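Here is the structure we will look at.
No experiment lies behind these values; they were computed from the predicted model shown. Any value given below was found using the heavy atoms of this structure, including those in side chains, with hydrogens, waters and symmetry copies removed.
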Amino acid sequence: MEIRALKGTKDIFGEEMRKWLDMEETIRNLCNDFGFSQIRTPIFEFTNLFQRGVGETTDIVQKEMYSFVDKGDNAITLKPESTAPVVRSYLEHNMGADVQPIKLYYMSPTFRYERPQAGRQRQFHQFGVEMFGTDSPTADAEIISIGYELLRRIGLNKVELHINSLGDTECRKKYNETLKAFLESKKDGLCPLCNERREKNPLRVLDCKNEACQEMFKDAPTVLDTLGDECKAHFEKVQELLTAMEIPFVVDPKIVRGLDYYTKTVFEFVSNEIGAQGTVCGGGRYNRLVEEIGGKPTPAVGFGAGMERLILAKEAENGNTLPPATRDLFLGYRGEGATVWAYKLVNELRKEGVSAESDHLQRSVKAQMKYANKIGAKYSAIIGESELENKVINLKNMQTGEEKEVAFDELVTVMKQELNK
């Protein structure tokens, strides 16, 4: 039997790994600029965390979770999203007693058993931000601005921001009644899943992937029609702030998101460059989630973005923008006596932050120089008999072809000078 990676999983290495590291560095710098600190939660949690937090009627809980019983008879789930685990951590460590708001971000592997597609595997990776402790529309606008600034920094210009408001509990109650009546009139044409959900959680029906159902929903009532004064004012202030921040947006009443915990503002950044499943970033406010997981009422807002989709969308729009991989110096050698000196000098260079490399395959000098070109060495040198005798090498600039004599004991200093030019 051939042993290979499971369907919906993949190895990340080589040039692709460089793209991931570049994206991760951009995200860390971005979150530092916005004052968000990193959090890492476990890969698995108790299953009831997601049942309570994400929602019993969501696709994630009903169809997609990787759940099992461990040796201690605990119901365990590999995390299908990271907001509920972050909320659990917020409560467990009493972060509510710290200076508010609490601003956290994560980059985490995530697991959902669904059909693999472009930019989405069964093990995928999410970047997300969460802000706890404020119901101010300024927090909503700041969270959206982080997503907008990330897309700007990675060069995504063909992405559109869609925003909506789902209102509070009272707004949702009124809307659910209106929506139930509408769905009742369409029940004969709805798919079995929609008919199952329309009584339990009618808002989830609008998130159905069935094209025939979506066609019927075109004239469905919108939640914006049932917003109370406070929720309407909150949504208007978010729009005013986004306009002031010069962040373009479209009000889209069909944005409902796929999780039950959202209230008030919801949003998605949508790309037309990566196919039908084009949402690269989405989130919103979830003022009830902390309470549903066992804490006291705490307002919160955040978003999640698929790392795979960010990288895919970036490359679709801009191509591969990473500069070629390089080394500062390749130091080759000829003969056994030169081997020790080559690795002695390479080690000294590395201790001083110079990326240096030598030969491990006992290649000819010609083959070593070909290797130096392949790895993108900026400088090269070969230690042979005369170099050993005089303790001097010819340091070659691989771009200009210029050479200079450098004493062994001055190589570190000269390399650092050359690299700082």
Requested in this report: Count the heavy atoms belonging to other residues, nucleotides or ligands that lie under 6.0 Å from CD of E230, then report whether that count exceeds 12.
Outcome: yes
Report summary line: One should read off an interatomic distance between E405 CD and I393 CD1, to the nearest 0.5 angstrom, of 10.0 Å
Requested in this report: Output yes when a side-chain donor or acceptor of T400 lies under 3.5 Å from a complementary backbone atom of E402, and no otherwise.
Outcome: yes
Query raised in the report: side chain to side chain donor-acceptor pair (under 3.5 Å) between S355 and D328: does it pass, once the steps are laid out?
Result: CA-CA 5 Å; S355 63; D328 293 331; 3.2 Å; yes
**Report entry** Spacing of L411 atom CG and L395 atom CG [to the nearest 0.5 Å]
**Finding:** 6.5 Å
Report task. Please confirm whether the backbone N or O of F330 pairs with a side-chain atom of Q368, one donor and one acceptor, at under 3.5 Å? Result -> no
Query raised in the report: Does the pair I383 and L345 meet the rule for a side-chain contact (heavy atoms from CB on, under 4.5 Å), with working shown?
Result: CA-CA 11 Å; I383 300 176; L345 291 172; 4.0 Å; yes
Report task. Before giving the answer on ring-ring contact (aromatic ring centres under 6.0 Å, His included), spell out for F303 and F269 the whole-Å C-alpha distance, their side-chain angles and the decisive distance to 0.1 Å. Result -> CA-CA 10 Å; F303 73 69; F269 286 94; 7.5 Å; no
Requested in this report: State whether E348 and K351 are salt-bridged, where the test is any N-O pair (Lys NZ or Arg NE/NH1/NH2 against Asp/Glu carboxylate O) under 4.0 Å.
Outcome: no
Query - Side chains of S136 and T138, donor plus acceptor under 3.5 Å - result: yes
Query raised in the report: When you check the gap from the basic side-chain N to the acidic O, do R112 and E81 get nearer than 4.0 Å?
Result: no
Query raised in the report: Is there a donor-acceptor contact under 3.5 Å from the side chain of T243 to the main chain of Q239?
Result: yes
Report task. Could you please spell out the steps behind the side-chain contact (heavy atoms from CB on, under 4.5 Å) verdict for K254 and N164? Result -> CA-CA 8 Å; K254 288 186 169 55; N164 189 23; over 6 Å; no
Query - Cationic N near anionic O, under 4.0 Å, K378 to E418 - result: no
Requested in this report: Indicate yes or no: does K79 engage E45 in a salt bridge with an N to O separation below 4.0 Å.
Outcome: no
Query raised in the report: Is it true that a side-chain atom of R334 and a backbone atom of I382 form a donor plus acceptor pair closer than 3.5 Å?
Result: no
Report task. Show the numbers, then the answer: is there a ring-ring contact (aromatic ring centres under 6.0 Å, His included) between Y333 and W341? Result -> CA-CA 9 Å; Y333 57 88; W341 266 103; over 10 Å; no
Query raised in the report: Do the side chain of T110 and the main chain of P80 share a donor and acceptor less than 3.5 angstrom apart?
Result: no
Query raised in the report: Is the number of heavy atoms from other residues, nucleotides or ligands within 6.0 Å of NZ (K391) greater than 12?
Result: yes
Could you tabulate the donor-acceptor pairs under 3.5 Å formed by side-chain atoms of residues 210-221, not counting sequence neighbours?
{"from": "N210", "atom 1": "OD1", "to": "A212", "atom 2": "N", "distance (Å)": "2.8"}
{"from": "N210", "atom 1": "OD1", "to": "C213", "atom 2": "N", "distance (Å)": "3.2"}
{"from": "Q214", "atom 1": "NE2", "to": "L206", "atom 2": "O", "distance (Å)": "3.0"}
{"from": "Q214", "atom 1": "NE2", "to": "C208", "atom 2": "O", "distance (Å)": "2.7"}
{"from": "E215", "atom 1": "OE1", "to": "K218", "atom 2": "NZ", "distance (Å)": "3.1"}
{"from": "E215", "atom 1": "OE2", "to": "K218", "atom 2": "NZ", "distance (Å)": "3.3"}

Requested in this report: Examine distances only and state if a side-chain atom of S358 and a backbone atom of L331 form a donor-acceptor pair shorter than 3.5 Å.
Outcome: yes
Query raised in the report: Charged N to carboxylate O below 4.0 Å: is that the case for K416 and E352?
Result: yes
Query raised in the report: In Å, rounded to the nearest 0.5 Å, how long is the span from NE2 of H125 to CG of L310?
Result: 13.0 Å
Report task. Please assess E308 against I311 for the test side-chain contact (heavy atoms from CB on, under 4.5 Å), listing each intermediate value before the final yes or no. Result -> CA-CA 5 Å; E308 286 87 350; I311 293 169; over 6 Å; no
Query - Sidechain-backbone polar pair: T326 side chain, A377 backbone, donor-acceptor under 3.5 Å - result: no
**Report entry** Audit row: R152, L156, side-chain contact (heavy atoms from CB on, under 4.5 Å) steps and yes/no
**Finding:** CA-CA 6 Å; R152 189 193 69 81; L156 292 188; over 6 Å; no
Query raised in the report: Is a side-chain donor-acceptor pair under 3.5 Å present for Y371 with E357?
Result: yes
Report summary line: Distance col, row C231:SG vs R172:CZ, nearest 0.5 angstrom, shows 10.5 Å
Report task. Using atom types as modelled and distance alone, determine if a side-chain donor or acceptor of E317 lies under 3.5 Å from a backbone N or O of N157. Result -> yes
Query raised in the report: E291 versus K296: any side-chain heavy-atom pair under 4.5 Å?
Result: no
Query raised in the report: Does the R363 side chain pair with the main chain of K370, one donor and one acceptor, at a distance under 3.5 Å?
Result: no
Requested in this report: May I ask you to check if R40 and Y106 form a cation-pi contact, with NZ or CZ under 6.0 angstrom from the six-membered ring centre and within 45° of the axis?
Outcome: no
Report task. Could you grab the distance from atom OG of S145 to atom CG of L242, nearest 0.5 Å is fine? Result -> 8.0 Å
Distance-only check: which donor-acceptor pairs under 3.5 Å involve side-chain atoms of residues 24-32, not counting sequence neighbours?
{"from": "T26", "atom 1": "OG1", "to": "D22", "atom 2": "O", "distance (Å)": "3.0"}
{"from": "N29", "atom 1": "ND2", "to": "E25", "atom 2": "O", "distance (Å)": "3.3"}

Query - I76 backbone acceptor or donor facing N74 side chain under 3.5 Å - result: no
Query - Pair D135 + K264, salt bridge at N-O below 4.0 Å - result: yes
Query raised in the report: Do E16 and K19 sit within salt-bridge range, that is, some charged N less than 4.0 Å from a carboxylate O?
Result: no
Query raised in the report: When the ring centroid of Y66 is compared with that of F44, is the distance short of 6.0 Å?
Result: no
Query raised in the report: Are the charged groups of R285 and D140 less than 4.0 angstrom apart, N to O?
Result: yes
Query raised in the report: Atom CD of E149 and atom CD1 of I144: how far apart are they, to the nearest 0.5 Å?
Result: 14.5 Å
Query raised in the report: Between K232 and E236, is there a salt bridge with N-O shorter than 4.0 Å?
Result: no
**Report entry** Heavy atoms of other groups near E15 CD, more than 12 under 6.0 Å
**Finding:** yes
